[in-house]
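The shown structure was predicted, so the numbers you read here are calculated from the model rather than taken from an experiment.
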Amino acid sequence: MAMLSDLKPNAKQLVYDLVTQAGVETSDWANFDGDHPTTNPKYCYDWAFWDDSKRVVVICLWFSQMREENGSVYQVQNLRTLASKSGHKDPSIAVRAKRARRVDMAFQLASNRNLPVRVIVVDGTRRGEEGADTSDVERRMLDPESWHVAAYDDDGNCRLVRGLRTASAETFTPAEINALGSFFEGAKVEVKAQIRERSQLLRDLARDHFAAQSADGRLHCAACDWTPPLKLELNSPIVEIHHGIGISTYPTDGKALTFAEAIIHLTPLCPNCHRVLHAKPGGGTFTLAELQKARI
């Protein structure tokens, strides 16, 4: 297995060539008024790329942020804070926030779909290192081995590990199974379904938005005013984000919304109120006013 030092790039290869080599479709890169697709600004400055049809995710990672432990190379990232600054008045920060948001989306995609991650290792001077005001990539290479998202939590903490995910070999023993008795759940059936994906980043930003608007800076249910207890340390957010417009009405390939466009249709609700809201007889949902009136 390659050691961390083996992943240090020694040449500056083009992003276009590395993304193509990783298996992402790059034909659209040529659709711009320029001399060569490799210089298309719509793509060449991004740090994350993916191709749904080929089930591949490509992410650029700094070599200086990689670590090695017990023979395993990994990197820990959290880009939520930077990603939340997409509307910043400083254009340079807004652009970096947009790229950070796309990388965070790639983390979510790889985690939710258990997709392998191809890593473009970049090396040079990172912003903030040695007093540098901007980042300067001096070398790039495509790691020949795939990575995987080993962990991704609701706060945006992502741990990427070099190598494909390995299945756990731990199983119940026959004695443990016999001790449970028999459970008959019915005949074997095959279920095929398509689901609509929601943006985890949008929900997280919405929680921050609604919390900031409250008098105590905490996230409350808009129907009953419940808020998670301070004395308990919870492993994930409890207050849920209700979408006022069903995403089933969106195009099959999704719909891009700015935060300002999306937030007006979002409402924070505790799990109980959220469940009640969707329990209207005959389909549809109760309104927030109906929930609030019923709680009086």
Atom CG of N10: over 12 foreign heavy atoms under 6.0 Å: no
Any donor-acceptor pair under 3.5 Å from D90 side chain to S92 backbone: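 Looks like yes, one N/O pair under 3.5 Å.
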A211 backbone acceptor or donor facing S214 side chain under 3.5 Å: yes
Side-chain heavy-atom pair V76, C158 within 4.5 angstrom cut-off: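 V76 does not reach C158 side chain to side chain.
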In one Ile/Leu/Val/Met/Phe/Trp/Tyr side-chain cluster, 4.5 Å: V161, M66: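 No, V161 does not connect to M66 through the hydrophobic network.
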Single-linkage hydrophobic cluster V239~I263, side-chain heavy atoms < 4.5 angstrom: yes
If you take all heavy atoms of [X] and [Y], which pair is closest and at what distance?
X: R127; Y: S135; answer: N-OG, 2.9 Å
X: L7; Y: M141; answer: O-SD, 3.6 Å
X: K85; Y: A97; answer: C-CB, 3.5 Å

Residue pairs involving residues 61-84 (criterion ring-ring contact (aromatic ring centres under 6.0 Å, His included); sequence neighbours excluded): W47-W62
Plane angle bin for W29 and Y43 - parallel if under 30°, tilted between 30 and 60°, otherwise perpendicular: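 Parallel.
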Donor-acceptor side-chain pairing of Q108 and D104 below 3.5 angstrom: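 Indeed, the side chains of Q108 and D104 share at least one donor-acceptor pair under 3.5 Å.
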